Amino acid sequence: MEEREEFPALRAGVDPAKRIWMAGAVRAAEAVAPSHPHPQAGVHPVTNMLAGPPVALFDKVREAVSRWRESHDS
């Protein structure tokens, strides 16, 4: 959806330097965001901000271990 509707509007209406800054902000947010939903974490913004980075780290480690195990299965 974003690729078809929002991204063309951003390209047309936002200067390149601002888009580069925005891309960096998105990458930083993705780096500390959990890779899948965790409904038990709650919906309060402060709870999400505090729980998000440790849960994201746990998700990334779990996914890396899973990929490693898949690549080393005989």
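Remember, it's a predicted structure, so these values are computed and weren't measured experimentally. This chain uses plain numbering: 1 for the first residue, then up along the sequence.
- By the 4.5 Å side-chain criterion applied to Ile, Leu, Val, Met, Phe, Trp and Tyr, Val26 is assigned to no cluster and stands alone.
- Summarising the geometry, atom CG belonging to Asp15 is positioned 11.5 Å from atom CG belonging to Leu10; distances are rounded to the nearest 0.5 Å.
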What pairs of donor and acceptor atoms, side-chain ones from residues 50-62 against any protein atom, are under 3.5 angstrom apart with sequence neighbours left out?
from: Asp59; atom 1: OD1; to: His38; atom 2: NE2; distance (Å): 3.2
from: Asp59; atom 1: OD1; to: Arg62; atom 2: NH2; distance (Å): 3.3
from: Asp59; atom 1: OD2; to: Ser35; atom 2: N; distance (Å): 3.1
from: Asp59; atom 1: OD2; to: His38; atom 2: NE2; distance (Å): 2.9
from: Lys60; atom 1: NZ; to: Ala33; atom 2: O; distance (Å): 3.4
from: Arg62; atom 1: NH2; to: His36; atom 2: NE2; distance (Å): 3.1

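- Applying the salt bridge (Lys or Arg N to Asp or Glu O under 4.0 Å) test to Arg19 and every residue at least two apart in sequence or in another chain returns nothing.
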